[in-house]
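In what follows, a single structure is set out as structure tokens and then discussed.
Values below: every heavy atom of this structure, side chains too, minus hydrogens, waters and symmetry copies. All of these numbers come straight from a predicted model, not from anything done at the bench.
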Amino acid sequence: MYLRRALIAGGSAAAAAAAILGAVAAGKSKGGSDLDIVSVPPPLATGQWDRNWDRREPISMFNLSKINGETGEEELQLHRNKHKPKATRHIFLIRHSQYKLDGKSDFDRVLTPLGRQQADLTGQRLASLGYKYTHIVYSTMTRAKETTEIISKYLPDVKKSSSDLLREGAPIRPEPQVCHWKPDFVQYYEDGPRIEAAFRQFIHRADPKQEEDSYEILICHANVIRYIVCRALQFPPEAWLRISLNNGSITSLVIRPNGNVSLRMLGDSGFMPPEKISRT
């Protein structure tokens, strides 16, 4: 508890170490275990940033109960340096382009002629930004795959892979509820855990071994993107349906080494002529 308070307050490594050693000493004097004292975080106040939101805060990456009481501060600093990220992750979330809504199955829900034009424009926009993209991950649904194929023409050297986790679905029951979107309640139980798994899989700070900043692209769906944005910014996830995204739009998240997250773009489609913009 003492450790978490020191970290939330923005304390130095020395202060954090002192908190650990003090907590350990207090636990031993009361007959309790080291782990019992330092592993139970206090509840976060409303609006307070959870610094360990991705479970990659350096202090949480090793067993505090094994810290030596005599060399604790030095040992703690060594562990923190080992697990401390150095690079920033830039994540671009692309909504698929317009597709045929009347398709009987996913296989039939291909991009419309306008949708193919939108994907062209999105690909040109991403290429024009001049970033050294490292990876494209796309949903396995037809409209996302076709959007990826077109965008990839403008980023030919970027490796690609697919993920079922990014498929469209109902992430969580929205608040407030709306009359025009009412999926079967069971969908929340089927899709929610999967979309939450997508968030945990793709949205987190860089691995400590990553030396350079990375620029990654996820091509998927409006519900998935809106849920991810709410989770990444630590907004109530039930608010996802309050956000609207155009087809082929670009949303950009930046994840700093210290775990801070910022939203650079949300549903940007200003690079498209007005007559090419749609939201279906």
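Put simply, Val261 and Ile243 are part of the same group of oily side chains (I, L, V, M, F, W, Y) that touch within less than 4.5 Å, one to the next. Cluster membership for Val254 and Ile250, using ILVMFWY side-chain heavy atoms within less than 4.5 angstrom, is not shared. Two different hydrophobic clusters hold Ile195 and Tyr138 under the rule that ILVMFWY side chains link at heavy-atom gaps under 4.5 Å. A continuous path of ILVMFWY side-chain contacts below 4.5 Å connects Trp49 to Leu233, so both sit in one hydrophobic cluster. If you chain together hydrophobic residues whose side chains sit under 4.5 Å apart, Trp53 and Leu93 fall into the same group.
Sequence neighbours left out, the pairs with a member in residues 253-263 that pass side-chain hydrogen bond (donor to acceptor under 3.5 Å, both in side chains) are Arg51-Asn260.
Checked options Arg167, Glu168, His221, His96; the residue passing with Ser139 is His221 (criterion: side chain to side chain donor-acceptor pair (under 3.5 Å)). Each of His135, His90, Arg89 was compared with Glu216 under the side chain to side chain donor-acceptor pair (under 3.5 Å) criterion, and only Arg89 meets it.
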Contacts table for residues 265-277: side-chain donor-acceptor under 3.5 angstrom, sequence neighbours left out:
{"from": "Asp268", "atom 1": "OD1", "to": "Gly270", "atom 2": "N", "distance (Å)": "3.0"}
{"from": "Ser269", "atom 1": "OG", "to": "Asn246", "atom 2": "ND2", "distance (Å)": "2.9"}
{"from": "Lys276", "atom 1": "NZ", "to": "Gln117", "atom 2": "OE1", "distance (Å)": "2.3"}

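In this structure the side chain of Arg116 never reaches within 4.5 angstrom of the side chain of Gln118, judged on heavy atoms. Side-chain contact between Ser152 and Lys160: present, with at least one pair of heavy atoms (C-beta onward) separated by less than 4.5 Å. At least one side-chain heavy atom of Phe92 sits under 4.5 Å from a side-chain heavy atom of Leu129. Lys153 is listed as a side-chain neighbour of Asp120, based on a closest heavy-atom distance under 4.5 Å. Pro174 is listed as a side-chain neighbour of Tyr188, based on a closest heavy-atom distance under 4.5 Å.
Taking OG1 of Thr148 as the start and CD1 of Ile219 as the end, the distance is 3.5 Å to the nearest 0.5 Å. Ile203 contributes atom CD1, which lies 5.0 Å from atom CD1 of Ile228 (distance to the nearest 0.5 angstrom). Taking CD1 of Ile136 as the reference point, atom CG of Leu126 lies at 8.0 Å (rounded to 0.5 Å). Separation of atoms CZ (Phe107) and CE (Met141) is listed at 14.0 Å; rounding is to 0.5 Å. In this structure, CZ in Arg95 is found 6.5 Å from CG in Leu245, a value given to the nearest 0.5 Å. Expressed to the nearest 0.5 Å, how far OG1 of Thr112 lies from CG of Asn247 amounts to 8.0 Å.
The aromatic rings of Trp240 and Trp181 sit perpendicular, their planes meeting at an angle over 60°, well past the 30° parallel limit.
Residues Leu166 and Cys220 share a closest heavy-atom pair of O-CB, 3.6 Å. A pairwise comparison of heavy atoms in Pro183 and Ala170 identifies CG-CB, 4.2 Å as the closest pair. Across all their heavy atoms, Arg205 and Pro257 have their closest contact at CD-O, 3.6 Å. In terms of heavy atoms, Arg279 sits closest to Ser244 at CD-OG, 2.6 Å. The shortest heavy-atom contact between Lys209 and Asp207 is N-OD1, 2.8 Å. Residues Cys230 and Ala239 share a closest heavy-atom pair of SG-C, 4.0 Å.
Side-chain heavy-atom separations under 4.5 angstrom define the hydrophobic clusters, and the remaining members of the one that includes Tyr99 are Leu101, Leu111, Ile150.
Environment of CD in Gln187: crowded, with over 12 heavy atoms of neighbouring residues, nucleotides or ligands closer than 6.0 Å. Counting heavy-atom neighbours within 6.0 Å of Lys100 NZ, excluding the residue itself, gives a total of 12 or less.
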Evaluate Lys132 against Asp213 for salt bridge (charged side-chain N to carboxylate O under 4.0 Å, His left out), listing each step before the verdict.
CA-CA 9 Å; Lys132 188 177 179 180; Asp213 294 352; over 6 Å; no
For Arg125 and Tyr154, what are the C-alpha separation, side-chain angles and deciding distance, and is it a side-chain contact (heavy atoms from CB on, under 4.5 Å)?
CA-CA 9 Å; Arg125 174 60 175 169; Tyr154 300 95; over 6 Å; no
Asn223 vs Ile225, test: side-chain contact (heavy atoms from CB on, under 4.5 Å). Steps then yes/no.
CA-CA 6 Å; Asn223 294 0; Ile225 294 171; over 6 Å; no
Tell me, with the steps shown, if Glu57 and His83 meet side-chain contact (heavy atoms from CB on, under 4.5 Å).
CA-CA 8 Å; Glu57 185 71 14; His83 296 285; over 6 Å; no
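Between the side chain of Arg231 and the main chain of Tyr227, no donor-acceptor pair closer than 3.5 Å is present. Looking only at distances, a side-chain donor or acceptor of Thr122 sits under 3.5 Å from a matching main-chain atom of Gly248. A distance-only check finds no donor-acceptor pair linking the side chain of Ser162 to the backbone of Thr140 [under 3.5 Å]. Side chain of Asp106 to backbone of Thr142: a donor-acceptor contact under 3.5 angstrom is found.
Looking at Glu149 and Lys145, no side-chain N of the basic residue comes within less than 4.0 Å of a carboxylate O on the acidic one, giving no salt bridge. The pair Asp191-Arg194 meets the salt-bridge criterion, since a charged nitrogen lies less than 4.0 angstrom from a carboxylate oxygen.
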